**Q** 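Encoded as structure tokens, here's the structure I'll be asking about.
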Amino acid sequence: MAPKRFMCFYRPGPGSSLRHEAEQGDVEAQAALGRLYFEGRPETTSSDDTGEVVVSSFTPAVKPNLTQSVKWLRKAANKGHAEAKRLLQTVLATAKGVH
């Protein structure tokens, strides 16, 4: 049996939120929030028909928003976050008119 694949985003500390951590300048939270806005996240924990994909329940539900994705990825990329830089290039390549 193949192991399950997990989508998991940065988990903020107790009594905090991903957005709060990102607003406070946490580069990992900024990158995670940018990815979250790019990919979106459904309202509930879900899996595909084979049961292989599980969405972590601690990540907030979010509709994709390319403008917000670029905003947060750019903040993280400007601080040298390599993954944020790569994803920002992808987002900008697919998001005509978003700067």
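Computed from a predicted structure; not experimentally measured.
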**Q** Which heavy atom of Gly34 sits nearest a heavy atom of Leu73, and at what distance?
**A**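 So the two residues come closest at CA-CG, 3.7 Å.
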
**Q** Could you state the interatomic distance from NE2 (His20) to CG (Leu33), rounded to the nearest 0.5 Å?
**A**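 Those atoms lie 13.0 Å apart.
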
**Q** Between atom NZ of Lys85 and atom CG of Asn78, what is the distance when rounded to the nearest 0.5 Å?
**A** 8.5 Å

**Q** My understanding is that only residues two or more places apart in sequence, or in another chain, count here; which of them pass side-chain hydrogen bond (donor to acceptor under 3.5 Å, both in side chains) with Gln89?
**A**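 Gln89 satisfies side-chain hydrogen bond (donor to acceptor under 3.5 Å, both in side chains) with no other residue.
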
**Q** Do side-chain atoms of Ser69 reach the backbone of Asn65 as a donor and acceptor pair under 3.5 angstrom?
**A**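 Flag not set: sc Ser69 to bb Asn65 has no pair under 3.5 Å.
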
**Q** How close do Ala84 and Ala77 get, counting heavy atoms only, and between which atoms?
**A** CB-N, 3.8 Å

**Q** Output all residues satisfying side chain to side chain contact (heavy atoms under 4.5 Å, CB included) with Glu83, sequence neighbours left out; order by chain, then residue number.
**A**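 In terms of side chain to side chain contact (heavy atoms under 4.5 Å, CB included), with neighbours along the sequence ignored, Glu83 is linked to Arg35, His81, Arg86.
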
**Q** Could you tell me the separation between the CG atom of Leu88 and the CZ atom of Phe38, rounded to the nearest 0.5 Å?
**A**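 Between Leu88 CG and Phe38 CZ, I get 10.5 Å after rounding to 0.5 Å.
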
**Q** Output all residues satisfying side chain to side chain contact (heavy atoms under 4.5 Å, CB included) with Lys79, sequence neighbours left out; order by chain, then residue number.
**A**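 If we apply the side chain to side chain contact (heavy atoms under 4.5 Å, CB included) test to Lys79, skipping adjacent residues, the hits are Val27, Gln30.
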
**Q** Please answer whether the main-chain N or O of Ala22 pairs with a side-chain N or O of Asp26 as donor and acceptor at a distance below 3.5 Å.
**A**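 Judged by distance alone, no pair lies under 3.5 Å.
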
**Q** Could you walk me through whether Leu92 and Arg74 pass side chain to side chain contact (heavy atoms under 4.5 Å, CB included), step by step?
**A** CA-CA 10 Å; Leu92 291 174; Arg74 187 169 278 141; 3.9 Å; yes

**Q** Quick one: OG on Ser17 to CD on Glu23, what's the gap to the nearest 0.5 Å?
**A**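 Reported to 0.5 Å precision, the distance equals 7.0 Å.
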
**Q** Mind checking what makes side-chain hydrogen bond (donor to acceptor under 3.5 Å, both in side chains) contact with Arg19, not counting sequence neighbours?
**A**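 Checked Arg19 against side-chain hydrogen bond (donor to acceptor under 3.5 Å, both in side chains); matches are Tyr37.
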
